[in-house]
Q: 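Here it is: the structure, laid out below.
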Amino acid sequence: MRAAERSAGDEPLRAPSGTHDILPPESAVFEGVVARFASRARLAGYGLALTPLFEELAVFSRGVGSSTDVVTKEMYDFVDKGGRHLALRPEVTASVARAYVQHRPTLPWRVWYWGPQFRYERPQAGRYRQFWQLGAEVLGTGDPDLDVEVIELAWTFCEGERIPGLSLALNSLGDGACRPAYRERLLAFLEPLAAQLCPEHQTRYRDNPLRVLDCKRPACRDATAAAPTPLEALCPSCRTHFARVQEGLASLGIPAVVTPRLVRGLDYYTRTTFEITASALSASQDAVGGGGRYDGLVAALGGPETPGIGFSLGLDRLLLARGDDAPAPEAGLEAFVVDLTGGGAALVLTSRLRRAGVAVERAFDSRSLRAQLRMADRSGAAVALIIGPAERAAGEVRLHPLRGGEESVVAIEEVEGALRALDGAGERPRRTGNEEQA
RNA sequence: GUGGCCGUAGCUCAGUCGGUUAGAGCGCCAGGUUGUGGCCCUGGAGGUCGGGGGUUCAAGUCCCCUCGGUCACCCCA
């Protein structure tokens, strides 16, 4: 079945598999989360970085690592009309590092971001082909205090979003000094056990032995029960760094759980790595976010040796973990214009009010008064502004409160003042009956 | 990539052993009230029963294929 044939059929068009529409009113929840993250990030000195949704393939193959699943099987890559080999971004950290190399802003450089990412995987609950992330990255300092600060931002933000059952896993993977030696040691350990590993890792363990530690299949779990962990192989400076990160987290009251087998799927991590999980998510997709230090990434992309650390949070999963409390938000409308004279009066009045900063809607198609008032009621507006032939002739507007109150008539030039007055009065809850009668 | 479950109206679903013109609730539209929303009442619009093939006098219902959705494995956010 060719794609062309498939789309030529007369089946209704729908969003591609693994993507989903985020529409009102739920989209307002999404919007709110992003806005709260933005303000937290700003407090900590981060600026917004908007990098392209697609990059040269090499940004990811060299940045993320050519043996990772993300790069080998999950990338949406394509050749454009100019023959460039591009890929939709499967994550953002590598893009940020590329942007740093390209523009060389002064260090330390703190940026936050949000936007969609793409991975070609089989969709399931909490896992999409286009998914949304919030994240932050800091380049230019290897100070462990920064690790603490970055983890704190991720952690306190999740807490602030009232996600139930949060926990924080922490590990250190070592650096350029101790990791290669550890890798050899692990390989030597795995070599004689290869036949006992799960089918997938029987050959793959050579490319990326650390991943075997993280494999959830019983075969690998049993075979590696006694395997050395990166933590016990840390060199002195990595050990000191990790100790200070733990101290710092403790001093802020952040409950990190040291998890020696936490590996994570991207190759660029060095030293500190962490993952935030939520018990409300299904056991296998319980990560709402994760991150870590990547002191070699910038150099791998052709820049100078520059340490860095960051994290990203899955927006879709954040919302999923928080449950369906999606607070159907009000439209926020102040007024709804009901025009019984053909619509021209509404056209002029809504325009005038909107220019004055009043949130206002109207009906179209010259519908009946009853129909227009029904729309006004459902719109959530506080008041209907009725213009019939009589009002129009007199240069007036009838103010009809929709949530209780007395109807009144004002000169059309004074509508804004009257709305303001009503708004002021509404601040003291005055229930004048009229709502919910048995 | 592998496996389980599910496809009937915009939404949630019913549809008996295969049997007449495929139903309900919600939503939407109109009217009840010639200028007053919600509640109530009446009426209306809206369906390739996912698609194709087969069995049968007869298929929403049984069989095969296919497409789509969903959940899980794997991996990750």
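Numbers restart at 1 for each chain; the letters A, B, ... are given by sequence-line order, proteins then strands.
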Q: Taking any heavy-atom pair under 4.0 Å as a contact, classify A:T68: base, sugar-phosphate, or nothing.
A: nothing

Q: Under 6.0 Å from the six-membered ring centre of A:F364 and within 45° of its axis: does the NZ or CZ of A:R362 meet both?
A: yes

Q: Using a cutoff of under 3.5 Å, can you pull out all pairs of nitrogen or oxygen atoms linking the protein to nucleotides 2-11 of chain B, with atom names and distances?
A:
{"residue": "B:U2", "atom": "O4", "partner": "A:R122", "partner atom": "NH1", "Å": "2.5"}

Q: Rounded to the nearest angstrom, tell me the gap between atom CZ in A:R211 and atom P in B:C74.
A: 12 Å

Q: Which nucleotide wins on minimum distance to the side chain of A:D377, given the candidates B:A72, B:G38, B:U36?
A: B:G38

Q: Produce the list of close N/O pairs, under 3.5 Å, pairing protein atoms with atoms of nucleotides 26-32 of chain B; give distances to one decimal.
A:
{"residue": "B:C28", "atom": "OP1", "partner": "A:R378", "partner atom": "NH1", "Å": "2.8"}
{"residue": "B:C29", "atom": "OP1", "partner": "A:R367", "partner atom": "NH2", "Å": "3.2"}
{"residue": "B:C29", "atom": "OP2", "partner": "A:R374", "partner atom": "NH2", "Å": "2.8"}
{"residue": "B:C29", "atom": "O3'", "partner": "A:R367", "partner atom": "NH2", "Å": "3.3"}
{"residue": "B:A30", "atom": "OP1", "partner": "A:R367", "partner atom": "NE", "Å": "3.3"}
{"residue": "B:A30", "atom": "OP1", "partner": "A:R367", "partner atom": "NH2", "Å": "3.2"}
{"residue": "B:A30", "atom": "OP2", "partner": "A:R367", "partner atom": "NH2", "Å": "3.0"}
{"residue": "B:G31", "atom": "O6", "partner": "A:R370", "partner atom": "NH2", "Å": "2.9"}
{"residue": "B:G32", "atom": "N7", "partner": "A:R370", "partner atom": "NH1", "Å": "3.2"}
{"residue": "B:G32", "atom": "N7", "partner": "A:R370", "partner atom": "NH2", "Å": "3.2"}
{"residue": "B:G32", "atom": "O6", "partner": "A:R370", "partner atom": "NH2", "Å": "2.5"}

Q: Evaluate whether atom CD of A:E159 has more than 12 neighbouring non-hydrogen atoms of other residues, nucleotides or ligands under 6.0 angstrom away.
A: yes

Q: Does the plane of the ring in A:W109 sit parallel, tilted or perpendicular to the ring in A:Y100? Use 30° and 60° as the thresholds.
A: tilted

Q: Under 4.0 angstrom, heavy atoms only, what part of the nucleic acid is A:A390 near: base, sugar-phosphate, or nothing?
A: base

Q: Is the closest side-chain donor-acceptor distance between A:R89 and A:S95 under 3.5 Å?
A: no

Q: Tell me which of A:L369 and A:W132 sits closer to the 5' end of RNA chain B, going by the nucleotide each one is nearest to.
A: A:L369

Q: Under a 3.5 Å distance rule, please check whether A:T259 uses its side chain to pair with a backbone N or O of A:V257 as donor and acceptor.
A: yes

Q: Just the rounded figure in Å: distance from C1' of B:C76 to CZ of A:F60.
A: 16 Å

Q: Ignoring backbone atoms, test whether A:R264 places a side-chain nitrogen or oxygen under 4.0 Å from the OP1 or OP2 oxygen of B:A77.
A: yes

Q: Whole angstrom is fine here: how far is it from CD1 in A:I163 over to C1' in B:A77?
A: 12 Å

Q: Test of understanding: with side-chain hydrogen bond (donor to acceptor under 3.5 Å, both in side chains), list the residues that count as partners of A:S312, not counting sequence neighbours.
A: A:Q133

Q: Which part of the nucleic acid, if any, lies within contact of A:G135, taking any heavy atom under 4.0 Å across all strands shown: a base, the sugar-phosphate backbone alone, or nothing?
A: nothing

Q: When Watson-Crick pairs (N1 to N3 and N6-O4 or O6-N4) and G-U wobble pairs (N1-O2 and O6-N3) count only below 3.5 Å on both distances, what is the dot-bracket string of RNA chain B, with | for other-strand pairs?
A: (((((((..((((.....[...)))).(((((.......))))).....(((((..]....))))))))))))....

Q: Looking at A:R403 and A:D377, is there a salt bridge between them, counting it only when a charged N and a carboxylate O are closer than 4.0 Å?
A: yes

Q: Enumerate the residue pairs fulfilling side-chain hydrogen bond (donor to acceptor under 3.5 Å, both in side chains) with a member in residues 160-175 of chain A, sequence neighbours excluded, ordered by first and then second residue.
A: A:R36-A:E161, A:E161-A:R322, A:S167-A:T277, A:D175-A:R271

Q: Are A:F30 and A:W132 close enough that their ring centers fall under 6.0 Å?
A: yes

Q: What integer distance in Å separates A:H20:NE2 from B:A77:P?
A: 16 Å

Q: Nearest to the A:Q124 side chain among B:C74, B:G35, B:G37, which nucleotide is it?
A: B:C74

Q: Taking any heavy-atom pair under 4.0 Å as a contact, classify A:E391: base, sugar-phosphate, or nothing.
A: base

Q: With a non-hydrogen cut-off below 4.0 angstrom, is A:L402 in contact with a base, only sugar-phosphate, or nothing?
A: base

Q: Go through the N and O atoms of the side chain of A:E121 and the base of B:A77, and report whether any donor-acceptor pair is under 3.5 Å.
A: yes

Q: Classify the nucleic acid contact of A:I386 as base, sugar-phosphate or nothing, counting any heavy atom under 4.0 Å across all strands shown.
A: base

Q: Check this for me: does any side-chain nitrogen of one of A:R293 and A:D295 sit under 4.0 Å from a carboxylate oxygen of the other?
A: yes

Q: Starting at atom CG of A:L320, determine the distance to atom P of B:U70, rounded to an integer number of angstrom.
A: 13 Å

Q: Within the structure shown, what part of the strands sits under 4.0 Å from A:Q372 by heavy-atom distance: base, sugar-phosphate, or nothing?
A: nothing

Q: Between A:R14 and A:L315, just flag the one whose closest nucleotide in RNA chain B comes earlier from the 5' side.
A: A:R14

Q: Take the protein atom CG of A:D286 and the nucleotide atom C1' of B:C76, then report the distance between them rounded to whole Å.
A: 10 Å

Q: Going by the rule side-chain contact (heavy atoms from CB on, under 4.5 Å), which residues pair with A:S366 if we only count those two or more places apart in sequence or in a different chain?
A: none

Q: Taking A:E275 for its side chain and A:G290 for its backbone only, find out whether a donor-acceptor pair lies under 3.5 Å.
A: no

Q: With heavy atoms under 4.0 Å as the rule, sort A:A376 into base, sugar-phosphate or nothing.
A: nothing

Q: Contact class for A:G388 (heavy atom, under 4.0 Å): base, sugar-phosphate, or nothing?
A: base

Q: Could you check whether A:F37 and A:W114 have their ring centres less than 6.0 Å apart?
A: no

